[in-house]
There are 2 protein chains.
Amino acid sequence: MKPLQHPRAADINIYAVLHALAEPARMQIVRTLVEAGGKPCGSFGIDLSKSTLSAHFKVLREAGIIRQETGPGNSRVNTLRHEDLDTRFPGLLTAVLLAVERTETALPSL
Amino acid sequence: MKPLQHPRAADINIYAVLHALAEPARMQIVRTLVEAGGKPCGSFGIDLSKSTLSAHFKVLREAGIIRQETGPGNSRVNTLRHEDLDTRFPGLLTAVLLAVERTETALPSL
DNA sequence: ACCGGTGTTCGCCAACCAGCGAACACTGCC
DNA sequence: GGCAGTGTTCGCTGGTTGGCGAACACCGGT
């Protein structure tokens with residue numbers, strides 16, 4: 001596999017990040033990576049076609065949210081660029097993750 | 001003017017918020033409101049047509065980010081729903097605003 | 001060499017989005 | 001009443017997005 005290109009930490013754009021995260025499937029990928037980094041693309045349990053998933057990973061990678069390295073076999077190892085994001089946008093990822101936790105963990109009687 | 005409808009604080013959706021903020025013009029509106037709340041729609045110094053601006057305000061309002069109340073004359077008074085956002089998504093708005101500050105305040109020689 | 005597993009890329013399509021102008025609605029003032 | 005000012009709504013347009021399947025590329029094992 002060819003190694004993929006990633007934006008430098010200093011080039012991470014806030015609008016690209018917000019746009020990338022404003023999509024449930026991509027958010028799900030990020031949330032999964034928070035709990036367990038170093039996962040191949042196919043192991044996220046998201047019911048979408050391969051091509052669609054690949055596109056989502058591309059959006060996340062080009063936004064600088066994840067890193068995709070060539071892994072064993074023909075797989076990609078996906079990791080969160082948690083430190084890079086925190087350096088560039090302190091507290092952003094944490095706040096977003098906390099927010100989505102609240103949204104997804106639907107409370108019964110509001 | 002008819003009063004407009006706003007989502008309840010508890011109904012504010014994280015994806016709607018992220019999508020609304022992932023747009024420079026809308027972000028500019030929010031940033032302006034942080035510094036000075038209670039501004040009418042036309043006073044944001046954004047070079048877009050009335051209809052486009054109106055649409056952006058609608059997106060922000062329906063995401064629960066701003067409140068639009070009927071103001072003097074035929075104007076709308078726009079205010080940030082800062083407390084509602086902080087209650088629902090603690091730290092999110094602050095982190096996003098800090099992030100965009102860093103992005104917009106372009107550093108010369110990186 | 002072959003085949004299975006993993007991702008990427010390439011059309012293609014339907015839906016959405018941001019932009020605009022024109023028309024309309026409403027308020028306030030003259 | 002008439003007019004200026006302020007927003008909203010309604011097409012319309014071009015560009016982007018998210019979805020898919022099919023085809024391709026690549027690595028590993030048999």
Side-chain angles (χ1 to χ4, degrees), chain A residues 1-7 13-30 32-33 36-63 65-79, chain B residues 1-7 13-30 32-33 36-63 65-79:
Chain A
M1 288 294 250
K2 280 184 214 156
L4 298 173
Q5 263 198 306
H6 299 74
N13 181 284
I14 182 62
Y15 298 111
V17 169
L18 293 176
H19 170 253
L21 294 178
E23 221 282 340
R26 290 193 289 259
M27 182 70 85
Q28 183 56 47
I29 292 173
V30 172
T32 305
L33 285 179
K39 293 176 74 70
C41 297
S43 67
F44 285 78
I46 298 176
D47 191 24
L48 290 174
S49 73
K50 283 193 302 175
S51 50
T52 302
L53 272 183
S54 184
H56 282 318
F57 278 107
K58 186 180 180 189
V59 171
L60 287 168
R61 168 169 44 84
E62 291 181 343
I65 297 174
I66 67 172
R67 177 169 284 116
Q68 293 190 277
E69 287 159 316
T70 68
N74 203 18
S75 66
R76 301 243 187 244
V77 175
N78 297 285
T79 51
Chain B
M1 290 294 253
K2 279 183 216 157
L4 298 173
Q5 263 197 305
H6 299 75
N13 180 282
I14 181 63
Y15 297 112
V17 170
L18 293 175
H19 171 254
L21 295 178
E23 220 283 340
R26 290 194 288 259
M27 181 70 85
Q28 183 57 47
I29 293 172
V30 172
T32 305
L33 285 179
K39 292 176 77 66
C41 297
S43 67
F44 285 79
I46 298 175
D47 191 23
L48 289 174
S49 72
K50 283 194 303 177
S51 51
T52 303
L53 271 184
S54 184
H56 281 318
F57 278 106
K58 185 179 180 188
V59 170
L60 287 168
R61 168 170 43 86
E62 291 182 343
I65 296 174
I66 67 173
R67 177 169 285 116
Q68 292 190 277
E69 287 158 316
T70 70
N74 203 17
S75 66
R76 301 246 187 242
V77 175
N78 297 284
T79 50

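The basis for the numbers below is simple: all heavy atoms, side chains too, and nothing from hydrogens, waters or symmetry mates. Numbers restart at 1 for each chain; the letters A, B, ... are given by sequence-line order, proteins then strands.
Across D/dT9, D/dG19, D/dG21, the shortest atom-to-atom separation from the side chain of A/Ser49 is found for D/dG21. Comparing C/dT8, D/dG7, C/dG19 by their closest approach to the side chain of A/Arg76 singles out C/dT8. When distances are taken from the side chain of B/Ser75 to each of D/dG19, C/dC17, D/dT6, the shortest belongs to D/dT6. Candidate nucleotides D/dG19, D/dT6, D/dT9 were compared by shortest atom distance to the side chain of B/Asn74, and D/dT6 ranks first.
B/Gln68 and B/Lys58 get closest at one heavy-atom pair: OE1-N, 4.5 Å. Taking both residues in full, the closest heavy atoms of B/Thr79 and B/Gly38 are given as CG2-N, 3.6 Å, listed atom of the first, atom of the second, then distance.
Going from atom CG of B/Leu53 over to atom P of C/dG19 covers 9 Å, rounded to whole Å. Taking atom NZ of A/Lys50 as the reference point, atom P of C/dT8 lies 10 Å away to the nearest angstrom. At whole-Å resolution of the value, CZ in B/Phe57 and C1' in C/dC17 are 18 Å apart. We find that NE2 of B/His56 is positioned 16 Å from C1' of D/dT9, with the value rounded to whole Å. Atom CD in A/Gln28 sits about 17 Å away from atom C1' in D/dG18, given to the nearest Å. Atom CG of B/Leu21 is separated from atom C1' of C/dA18 by 16 Å (rounded to the nearest Å). The CD atom of B/Glu62 sits 13 Å away from the C1' atom of D/dT8 (whole-angstrom rounding). The distance between atom CD1 of A/Ile66 and atom P of C/dG7, rounded to the nearest whole Å, is 12 Å.
Between B/Ser54 and D/dT8, a side-chain N or O to OP1/OP2 separation shorter than 4.0 Å is present. At C/dC20, one or more side-chain N or O atoms of B/Thr52 fall inside 4.0 Å of OP1 or OP2 (strictly under the cut-off).
Here CD1 of B/Ile29 is found 6.0 Å from CG of B/Leu53. Values are rounded to the nearest 0.5 Å. Annotation: the span from A/Phe44 atom CZ to A/Asn78 atom CG amounts to 5.0 Å, rounded to 0.5 Å. Here CD1 of A/Ile66 is found 7.0 Å from NE2 of A/His6. Values are rounded to the nearest 0.5 Å.
The residue among B/Gly73 and A/Leu4 whose nearest nucleotide of DNA chain C is located toward the 5' end is A/Leu4. If you find the closest nucleotide of DNA chain D to A/Ala25 and to B/Gln68, the one lying nearer the 5' end belongs to B/Gln68.
When heavy atoms are screened at a 4.0 angstrom cut-off, B/Pro72 is found touching no nucleic acid atom at all.
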